[in-house]
Amino acid sequence: MKYWLFKTEPDAFGIDDLANMPNQTEHWDGIRNYQARNFLRDDIAVGDLVFLYHSSCKQVGIVGLAEVTRAGYPDHTQFDPEAKYYDPKSSTDKPRWYMVDIRLKEKFPQLLSLQAVKAMEEITDIGLVKKGHRLSIMPVAEHEFEILLQRCKG
DNA sequence: GCCAACGTTGGC
DNA sequence: GCCAACGTTGGC
């Protein structure tokens with residue numbers, strides 16, 4: 001099993017939106033970065049655990065835990081000319097972009113702020129604490145995931 | 001809204 | 001394949 005962190009902008013689609021979906025499950029579409037795409041297509045498996053992270057908002061940080069319920073499959077929004085993330089260079093027989101489905105497991109009682117994560121001495125590897133890291137899908141090492149999860153649960 | 005740090009594009 | 005220009009991300 002692997003561990004991940006997905007960034008999202010709560011103004012667009014946040015943890016509460018996920019909580020309100022049927023079965024608290026939704027496809028994670030709109031990722032348009034090749035490195036993140038490779039994770040979605042090749043590495044993320046059913047059962048993997050995912051931290052949800054709110055970015056570009058008042059309180060940035062880790063807000064909850066989800067699990068992957070469907071592994072990588074083509075992101076349909078790339079084929080829709082009306083969609084925000086339409087990609088005219090992609091085709092159905094050779095899709096460029098992928099997504100996974102995730103189900104909310106837990107919303108943490110308190111958000112673990114980015115500042116708090118950066119202040120944790122044990123946490124040195126996760127992309128969040130590295131300068132200029134802008135990946136919206138990033139792997140999290142198992143030991144760091146465990147430490148962060150314990151901290152989130154308070 | 002600013003701006004640094006990226007990633008992507010496209011001319012050559 | 002280089003690299004300047006451009007667009008995007010995301011914390012502040």
Side-chain angles (χ1 to χ4, degrees), chain A residues 2-21 26-44 48-68 71-102 104-141 144-145 147-154:
Chain A
K2 296 199 181 76
Y3 304 89
W4 307 93
L5 181 142
F6 289 7
K7 288 182 187 172
T8 186
E9 298 188 15
D11 292 341
F13 189 88
I15 190 168
D16 293 328
D17 297 300
L18 183 58
N20 287 328
M21 298 305 293
E26 180 62 310
H27 51 267
W28 207 256
D29 63 76
I31 303 298
R32 297 293 183 266
N33 168 285
Y34 287 105
Q35 211 179 335
R37 185 281 310 270
N38 292 344
F39 289 139
L40 289 168
R41 188 189 58 189
D42 306 330
D43 298 324
I44 300 180
D48 283 2
L49 293 177
V50 176
F51 279 135
L52 293 176
Y53 176 90
H54 280 177
S55 69
S56 298
C57 59
K58 262 196 167 159
Q59 280 205 301
V60 299
I62 297 171
V63 292
L65 182 68
E67 72 173 320
V68 176
Y73 62 108
D75 177 344
H76 56 81
T77 64
Q78 69 194 307
F79 308 125
D80 177 5
E82 303 296 315
K84 181 181 175 190
Y85 292 109
Y86 175 59
D87 184 348
K89 293 180 184 167
S90 189
S91 63
T92 47
D93 51 322
K94 256 200 140 186
R96 181 181 281 191
W97 306 113
Y98 282 72
M99 62 187 180
V100 300
D101 290 354
I102 63 171
L104 181 66
K105 282 180 77 78
E106 183 176 358
K107 181 179 177 178
F108 299 130
Q110 274 192 320
L111 149 151
L112 181 62
S113 71
L114 176 61
Q115 201 179 6
V117 174
K118 285 180 172 170
M120 292 169 70
E121 284 181 10
E122 320 90 291
I123 305 299
T124 56
D125 198 41
I126 191 171
L128 280 185
V129 304
K130 290 183 178 167
K131 193 178 176 188
H133 223 281
R134 301 186 311 168
L135 266 184
S136 53
I137 302 277
M138 65 179 75
V140 183
E144 295 204 350
F145 189 93
I147 293 167
L148 288 166
L149 185 59
Q150 285 312 309
R151 178 70 180 271
C152 286
K153 292 191 170 193

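Lettering of chains follows the sequences in order, A, B, ..., and the numbering in each one begins at 1.
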Given protein heavy atoms under 4.0 Å, the one-letter contact record of nucleotides 5-12 of chain C, with B base, S sugar-phosphate only and - none, is simply --BBBBS-
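- For the pair A:Leu128 and A:Leu114, the tightest heavy-atom approach, listed with the atom from each and the gap, is O-CD1, 4.0 Å.
- Listed by first residue number, the stems of DNA chain C with at least three Watson-Crick or G-U pairs below 3.5 Å are B:1-12 with C:1-12.
- Remark: A:Glu122 CD is packed, more than 12 non-hydrogen atoms of other residues, nucleotides or ligands lying under 6.0 Å away.
- Taking for each of A:Lys89 and A:Gln35 the nucleotide of DNA chain B with the nearest heavy atom, the 5'-most of the two is the partner of A:Gln35.
- Crowding of A:Lys130 atom NZ: a count of heavy atoms from other residues, nucleotides or ligands under 6.0 Å exceeding 12.
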Between A:Phe145 and A:Phe51, is the ring pair (Phe, Tyr, Trp, His ring centres under 6.0 Å) condition met? List the steps. CA-CA 9 Å; A:Phe145 189 93; A:Phe51 279 135; 4.2 Å; yes
Step by step, work out the side-chain contact (heavy atoms from CB on, under 4.5 Å) result for A:Ser136 and A:Ile31. CA-CA 8 Å; A:Ser136 53; A:Ile31 303 298; 3.7 Å; yes
Test side-chain hydrogen bond (donor to acceptor under 3.5 Å, both in side chains) on A:Arg32 and A:Thr77 and set out the steps. CA-CA 11 Å; A:Arg32 297 293 183 266; A:Thr77 64; 3.0 Å; yes
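- Of all heavy-atom pairs between A:Gly72 and A:Val100, the closest is N-CG1, 3.6 Å.
- The aromatic rings of A:Trp97 and A:Tyr34 sit tilted, their planes meeting at an angle between 30° and 60°.
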